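Right, one structure below, let's go through it.
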Amino acid sequence: MTVLKTSMRNFFAHKGRMALSAVAVLLSVAFVCGTLVFTDTMNTTFDKLFAATSADVTVSPKNAKADDRPQTGKPETLPASAVELARGAAGVKSAEGGVSSSSVTVVDRENENMGSSNGGPTIAANWTSNDLKAMEITSGHAPRGPTEMMVDADTADKHDLKIGDELRTIAVTGDFTAKITGIASFKVTNPGAAIVYFDTATAQRELLGRTGLFTNVSLTAADGVSDEQLKQNVAAKLGAGTYKLETAAEAKDSGRDSVGSFLDVMKYAMLGFAGVAFLVGIFLIVNTFSMLVAQRTREIGLMRAIGSSRKQVNRSVLVEALLLGFFGSVLGVGAGVGLAVGLMKIMGSMGLELSTDDLTVKWTTPAVGMLLGIVVTVLAAYLPARRAGKISPMAALRDAGTPADGKAGLIRAIIGLVLTGAGAASLYAAAHADKASSGSGVLALGVVLTLIGFVIVGPLLASGVVRVISVLVLRMFGPVGRLAERNALRNPRRTGATGAALMIGLALVACLAVVGSSMVASATSELDKSVGADFIVQSGSNDGRPIVPQAAEALRKTPGIAHVTDYKSVEAKLTTPDGRTSSEDLSAASPTYAQDLRRETVSGKLSEAYGKDAMSVGDKFAEDHNVKVGSTLTVAFKGGRTAHLKVAAITSDDTNVDKGAMYTNVTTAERYLPADRVPQNMIMFAKAEDGKAKEAYASLKAALKKYPQYKVQDQTDFKKDLKDQIGQLLNIVYGLLALAIIVAVLGVVNTLALSVVERTREIGLMRAIGLSRRQLRRMIRLESVVIALFGALLGLGLGMSWGTTAQKLLALEGLGVLEIPWSTIITVFVGSAFVGLFAALVPAFRAGRMNVLGAIASE
């Protein structure tokens with residue numbers, strides 16, 4: 001009980017000094033809890049949606065997938081007879097055929113896309129009684145004929161649509177227009193899909209190509225019949241294995257699986273950044289308690305002199321850490337819920353709608369947050385607590401505040417150097433690996449070892465690096481600069497730990513900057529070397545949406561074009577001469593594709609791969625299956641007939657564009673596939689007539705003006721788009737890393753604040769002998785700057801070594817150009833100086849306000 005009282009007295013006596021450490025715990029816990037609440041809320045939203053839209057039992061075509069966008073542009077179907085058969089099964093109260101397609105685009109009179117801006121699907125369907133489970137008509141009426149349609153209320157609100165407006169629906173079967181006669185509102189949250197409804201006959205004809213077909217059958221169970229029993233009855237009626245049958249619960253799980261991978265990637269990525277923030281926070285907490293213990297050396301010595309044991313002193317410091325972790329974690333849990341709501345608002349502005357009505361806070365979320373916050377804080381305080389326990393009673397006779405660790409220990413330095421050397425060796429081995437898969441594990445080991453090594457050897461590096469930085473930065477400020485340098489060097493362990501916190505975040509920034517820039521440079525170089533086409537046409541959202549035939553035809557009729565190349569992806573099973581069978585995607589293209597994409601061949605001629613019943617394979621596939629030019633492969637086209645194709649060329653896989661692709665003529669694929677199973681173009685290429693590139697570019701854009709879902713790009717546009725996509729991804733990552741950098745800045749602030757308190761008497765003496773307030777504030781600011789630059793120098797150097805090694809592995813996958821983004825590196829380094837200045841504002845202000853006599857009289 002005495003230990004607890006002492007700990008609580010010390011904790012609340014130094015609550016101001018604990019505040020910044022508590023903020024670090026708060027931010028880290030908030031990020032973890034916010035991530036969990038946000039992803040749980042998204043899961044709840046989708047679960048409610050899938051539960052509301054699922055029938056008791058749903059019958060679908062055997063090959064249908066929840067997340068599938070068919071390459072033909074038309075969904076898998078089942079005949080109307082299946083509806084009648086299912087209706088006759090025992091326990092069926094009602095059966096209704098449904099039509100649904102997500103391979104459509106809906107535009108208004110100005111050709112503005114009415115679809116979601118966040119990549120959510122645009123769904124066209126027939127209006128059925130099953131839809132009434134999730135929606136209700138709030139205005140007008142349901143569609144009654146081929147010229148009528150209904151839209152969801154969210155889409156209507158976003159695009160200011162009203163009853164009477166005319167919309168054009170673009171499907172693979174053609175374009176058709178209809179007027180809005182009704183608006184339906186979701187009873188649950190719509191995450192962002194745009195939905196339009198038609199009557200059943202219109203939906204069948206315009207989306208599927210003819211009547212008498214459905215994409216699913218919705219069955220309602222009679223009273224007293226369970227979903228499982230109904231499923232068994234219907235399966236017996238339709239024939240086992242003929243169709244895919246799912247109960248409402250299974251449909252919900254299937255829908256969750258279709259979005260689960262996206263949610264998991266988001267969840268674990270954000271938790272990873274929270275882990276980085278926790279790691280940085282550890283340095284802040286260690287520094288805080290180390291300095292508090294140093295400042296209370298005399299006090300602890302007196303406690304030892306009057307009978308306190310080492311264990312009691314140790315326990316006292318750990319109890320303070322426990323209190324810090326508890327209060328920081330409690331506030332962090334609350335802040336995490338607020339962060340989740342903020343993320344929901346941000347996603348809402350991007351088109352992904354989430355409602356606070358679905359806000360989900362599971363009991364495990366605060367439990368995990370509290371546990372992490374408290375455990376991390378107590379572990380971080382363990383070493384300072386042990387150091388406090390070793391203070392002897394004789395310390396009561398010495399001056400308080402004497403640093404106990406003026407120099408980094410020899411053993412610590414040796415361990416740090418050994419780990420750093422082992423990490424460097426791992427990075428070297430990764431850079432010279434033969435395969436990216438094997439090298440990635442060695443790279444991860446090298447990253448971990450060099451990071452830990454730099455952290456441990458930080459005090460040793462501080463002594464040398466700070467002196468170098470001081471010569472370049474501080475000496476120009478005269479005596480004040482020298483004082484700042486000596487203050488930074490006074491306790492190398494503290495300087496090293498403070499700089500290491502900033503080092504971690506900036507190392508990740510530098511690594512990603514190098515990797516991102518190298519990816520852009522490599523892809524650009526590859527495009528310059530291999531792409532011969534002048535123009536590339538594909539989905540504007542890069543979602544693999546096929547190009548509808550009417551848009552493809554408009555491209556072919558464009559004036560000023562020398563040729564247009566079709567490019568389709570065809571699923572097939574290949575049987576090689578060694579008897580092995582594998583599922584592959586064949587690239588079925590026009591012969592002109594050999595001009596549009598220059599591919600190096602290992603043997604044979606690529607142009608001959610576009611001959612009758614011919615194809616090419618990549619050299620890795622050829623090596624693995626002992627395939628040579630002249631070999632014949634048995635190719636079973638999915639949904640079509642089996643062909644025997646002769647290998648006319650083997651292409652080199654030493655590329656990043658179409659790596660491993662197998663080419664064949666589009667007419668070959670069409671010969672072995674039924675007309676309704678031939679995939680639509682996934683991408684198209686065009687070459688301008690000589691001297692008409694500018695005119696052809698304008699003509700292509702004009703030809704596709706009616707189809708806003710596609711974009712026409714020349715090579716310059718394509719490279720810019722690639723750079724922008726990688727840049728956007730990096731910006732998101734930098735934004736998440738900003739949390740770790742904020743915690744590191746708090747660490748600098750805390751170190752300086754506690755250092756000022758520790759040097760109270762010294763500051764008073766300096767003021768007494770003539771140091772002005774302005775000079776004192778400048779000294780503290782310069783000390784902060786040199787610590788920040790020290791951390792930045794280590795972080796950027798470490799990050800560039802990681803990024804360079806990662807690029808060497810990427811080179812094995814075709815990304816062979818290393819580019820160091822010096823502008824970014826220099827900007828970050830210079831920005832670190834401003835970070836140091838910002839971090840020193842409050843500590844410098846407080847030091848400048850000290851009363852000289854009071855400071856001199858303090859102990």
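In this chain, residues are counted from 1 in sequence order. Here the structure is a predicted model, which means the values were calculated and not measured.
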| query | Where do Arg168 and Glu110 land on the salt bridge (charged side-chain N to carboxylate O under 4.0 Å, His left out) test, with the steps shown first? | reply | CA-CA 10 Å; Arg168 177 166 59 97; Glu110 284 72 42; over 6 Å; no

Polar side-chain atom of [X] near backbone of [Y] as donor-acceptor pair, under 3.5 Å:
| X | Y | answer |
| --- | --- | --- |
| Tyr710 | Val548 | yes |
| Asn681 | Ile547 | no |
| Lys568 | Pro679 | yes |
| Asp40 | Thr360 | no |
| Ser254 | Glu250 | no |
| Thr365 | Cys33 | no |

Donor-acceptor list for residues 129-137 side chains, cut-off 3.5 Å, not counting sequence neighbours:
unit_1, atom_1, unit_2, atom_2, d
Ser129, OG, Glu96, OE1, 2.5
Asn130, ND2, Thr53, O, 3.2
Asp131, OD2, Thr128, N, 2.9
Asp131, OD2, Thr128, OG1, 3.1
Lys133, NZ, Ser54, O, 2.3

Let me confirm one number: the [atom1]-[atom2] distance from [X] to [Y], rounded to the nearest 0.5 Å.
| X | Y | atom1 | atom2 | answer |
| --- | --- | --- | --- | --- |
| Leu207 | Ile123 | CG | CD1 | 11.5 Å |
| Ile536 | Tyr567 | CD1 | OH | 12.0 Å |
| Leu700 | Gln713 | CG | CD | 12.0 Å |
| Asp56 | Lys93 | CG | NZ | 9.5 Å |
| Asp175 | Thr105 | CG | OG1 | 9.5 Å |
| Glu166 | Lys179 | CD | NZ | 6.0 Å |

Around atom [atom1] of [X], are there more than 12 heavy atoms from other residues, nucleotides or ligands closer than 6.0 Å?
| X | atom1 | value |
| --- | --- | --- |
| Lys719 | NZ | yes |
| Lys701 | NZ | yes |
| Lys187 | NZ | yes |

Nearest heavy-atom neighbours spanning [X] and [Y]:
| X | Y | result |
| --- | --- | --- |
| Ala194 | Gly115 | CB-CA, 4.1 Å |
| Leu49 | Pro191 | CD2-CD, 3.6 Å |
| Thr122 | Val104 | O-CG2, 3.6 Å |
| Glu206 | Ala171 | O-CB, 3.7 Å |
| Thr215 | Leu208 | CG2-CD2, 4.0 Å |
| Ser60 | Asn216 | OG-CB, 4.3 Å |

Just so I know, are the side chains of [X] and [Y] near enough to count as touching, which here means a heavy-atom distance under 4.5 Å?
| X | Y | value |
| --- | --- | --- |
| Val333 | Val29 | yes |
| Arg205 | Pro146 | yes |
| Gln680 | Pro549 | yes |
| Phe31 | Leu27 | no |
| Leu359 | Val341 | yes |
| Val172 | Pro546 | no |
| Thr356 | Met344 | yes |
| Met149 | Thr169 | yes |

| task | Evaluate side-chain contact (heavy atoms from CB on, under 4.5 Å) for Arg144 paired with Asp199, printing each intermediate quantity in order. | result | CA-CA 6 Å; Arg144 299 168 180 168; Asp199 69 283; over 6 Å; no

| Gln204 and Asn126: side-chain contact (heavy atoms from CB on, under 4.5 Å), yes or no, with the steps? | CA-CA 8 Å; Gln204 289 175 322; Asn126 66 325; over 6 Å; no

| said: I'd like to know if Glu228 pairs up with Lys231 as an ion pair, taking the criterion as any Lys NZ or Arg NE/NH1/NH2 lying under 4.0 Å from an Asp or Glu carboxylate oxygen. | reply: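 So Glu228 does not pair with Lys231 through a salt bridge.
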
| Distance-only polar pair, side chains of Gln728 and Asp724, donor-acceptor under 3.5 Å |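 No, no side-chain donor-acceptor pair sits under 3.5 Å.
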
| said: Would you say Thr220 and Ser94 are linked by a side-chain donor-acceptor pair, where the criterion is simply a distance under 3.5 Å? | reply: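 Short answer, yes.
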
| query | Which is it for Asp721 and Lys711 under the side-chain contact (heavy atoms from CB on, under 4.5 Å) test, yes or no, and what are the steps along the way? | reply | CA-CA 11 Å; Asp721 190 34; Lys711 58 185 176 184; 2.8 Å; yes

| request: Using the side-chain contact (heavy atoms from CB on, under 4.5 Å) rule, take Phe38 and Thr35 through it: C-alpha gap first, then chi angles, then the decisive distance, then the call. | output: CA-CA 5 Å; Phe38 177 69; Thr35 298; 5.8 Å; no

| message | Please identify which of these residues, Thr189, Asn43, Asp358, Asp357, meets the side chain to side chain donor-acceptor pair (under 3.5 Å) condition with Lys48. | response |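 With Lys48 as partner, Thr189, Asn43, Asp358, Asp357 yield a single side chain to side chain donor-acceptor pair (under 3.5 Å), made by Asp358.
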
| field | Of all pairs that satisfy ring pair (Phe, Tyr, Trp, His ring centres under 6.0 Å), the ones with a partner from residues 170-220, not counting sequence neighbours | value | Trp127-Tyr197, Phe176-Phe198

